2 protein chains.
Amino acid sequence: MTVIPLSSARRSSPRRRAPEIIEAAARVFAERGFHGASTQDIADVLGIRQASLYYYFASKEEALELVCLQGVAGYFEAAKAIASGKGTAADKLARLVKSHLSPLADRGDFVRVFLNERQHLPAESRRRIGKWSRGLERVFEEVLKEGVRRGEFRADLDTRLAVLALLGMANAVAGWHRAEEIAIERVSGEFARLIADGVLKRPQPRARARQAPRSAR
Amino acid sequence: MTVIPLSSARRSSPRRRAPEIIEAAARVFAERGFHGASTQDIADVLGIRQASLYYYFASKEEALELVCLQGVAGYFEAAKAIASGKGTAADKLARLVKSHLSPLADRGDFVRVFLNERQHLPAESRRRIGKWSRGLERVFEEVLKEGVRRGEFRADLDTRLAVLALLGMANAVAGWHRAEEIAIERVSGEFARLIADGVLKRPQPRARARQAPRSAR
DNA sequence: GCCGTTATCTATAGCTCAATAGGTAGAATT
DNA sequence: AATTCTACCTATTGAGCTATAGATAACGGC
């Protein structure tokens, strides 16, 4: 018969030794977009032939999924660890921002591809990956709600909109942090301050009352 | 000879009656991205044949440029009018945000295409269009600097980073304002508040000292 | 009632691209 | 030493896409 049942099982295994290949894909996808990039472009980066790529992935779309997966990896876990840890809500928020921006330094291409190209994933993997995003939003929003409950944050804060604002602001960094020559550490700090205090100057606060005045929990 | 000098001059004129065509292009580009969309897709939206599109534009890239132009149109002028008008810096900032978000309501597709696809424009038109962006950033930054000078805003504010944060936050709205069912008016208000005040609750300010305590100018 | 213009159409050239088939040199395994 | 596996290669197919060429139907002006 025409069946070669091994091949499909085989094909999914040798991916272990392929980090270079997906890194090249990430670079190319980040630069030209998924549809704007050809598999030839990826091969050129690696110095191999176009067809040789198919030893490492079964389709261009699978390559995109692998890149996107590395683009979100760890975000949720890191955020959850911070949210369920110690500290005031304001402290947690600052640390969330910092932790959210730090991957830009060492795998910016992956993050950019996730942010800009995930829409071109086939429906199924898009939904699978989308869950991480929504989970992350939930973690951020819970910290905001906690802050409101504890009286640290404004009672009239729309936490949903605040999350979207915050993530929009943070994710946009991926778009310019190369062109602007500035360390992400610096950006994290400034953003945390901006989110907490805004731009307005206050009639200096007598006591720096950041500790929650309400009862525990 | 082989020259048909009329044709190229002709080609650029009948565009007057073509708003439907670029709107269809905007919709398709917004949905699938420039490279992910085919001219066939655009024709399908309009119910005409693929080749007929070339009566309205000379190339797919020109179509993208036309869409992008409508995606930025007016932003700079509106912002400049606000910046050079009356009011406190905080008021101006709030109005800038509102004016920046309002085009999303009636030409969201154009704005989205400008934001996400302008990178795929040919170098020349990309640079031409990029000037509007940079001009807009400058207007925003000048309002921020004015606020600092007048003592309305924090003296230690990094105005460049604040602009990027603010625009990142605002531009991200294009990505979700459909899915989240919320009026942009509402978003503008909440964002303006967020930018000014941040999320923190203050030990209630005695006097709502928003008027500049410094000398005029 | 002829003529130019406008807004389409059909047909197709020419190209790029993803993906498959099948081969092979060298390293590792037995 | 023979065999298997790994990491490529060459060659090609077939689909899809942009853009051009040339025809035409409807219509308004003269």
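Predicted model, so just to flag it, every value in this text is computed and none were measured. Here is how names work: the chains are called A, B, and so on, in the same order as the sequence lines, proteins then strands, and each is numbered from 1. Excluded from the calculations below are hydrogen atoms, water molecules and symmetry mates; all remaining heavy atoms, backbone and side chain alike, are included.
- Against DNA chain C, the stretch residues 33-42 of chain B makes no heavy-atom approach under 4.0 Å.
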Using the side chain to side chain contact (heavy atoms under 4.5 Å, CB included) rule, take A:E23 and A:F110 through it: C-alpha gap first, then chi angles, then the decisive distance, then the call.
-> CA-CA 8 Å; A:E23 194 175 337; A:F110 293 87; 4.2 Å; yes
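- Taking the six-membered ring for Trp and thresholds of 30 and 60 degrees, A:H120 and A:F34 have nearly parallel ring planes, at less than 30 degrees apart.
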Could you run down nucleotides 8-14 of chain D 5' to 3' and tag each one B, S or - for protein heavy-atom contact under 4.0 Å?
-> SBBB---
I would like to know whether B:E137 and B:R160 meet salt bridge (charged side-chain N to carboxylate O under 4.0 Å, His left out); could you show each step before the answer?
-> CA-CA 9 Å; B:E137 288 175 14; B:R160 175 65 183 156; 3.0 Å; yes
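- One interatomic measurement links the two molecules: CG of B:D44 to C1' of C:dC9, which rounds to 15 Å at whole-angstrom precision.
- Summarising the geometry of B:L64 relative to B:E117, their closest heavy-atom pair is CD2-O, 3.8 Å, with the distance given to 0.1 Å.
- The shortest non-hydrogen separation linking A:Q40 to A:Q50 is OE1-CB, 3.5 Å.
- To the nearest angstrom, C1' of D:dT18 lies 17 Å from NE2 of B:H120.
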B:R178 and B:D109: CA distance, side-chain angles, deciding distance, salt bridge (charged side-chain N to carboxylate O under 4.0 Å, His left out) verdict | CA-CA 11 Å; B:R178 284 197 176 201; B:D109 286 336; 3.7 Å; yes
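- In this structure, A:K60 places its NZ atom 4 Å from P of C:dA18, rounding to the nearest Å.
- For the pair A:E152 (side chain) and A:A90 (backbone), a donor-acceptor distance under 3.5 Å is present.
- At whole-Å resolution of the value, CD in B:E62 and P in D:dT18 are 15 Å apart.
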Run the numbers on A:D197 and B:R154 for salt bridge (charged side-chain N to carboxylate O under 4.0 Å, His left out), then give the verdict.
-> CA-CA 9 Å; A:D197 288 335; B:R154 285 160 26 209; 5.3 Å; no
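- In this structure, the CG atom of B:L53 is 14 Å from the C1' atom of D:dT20, given to the nearest Å.
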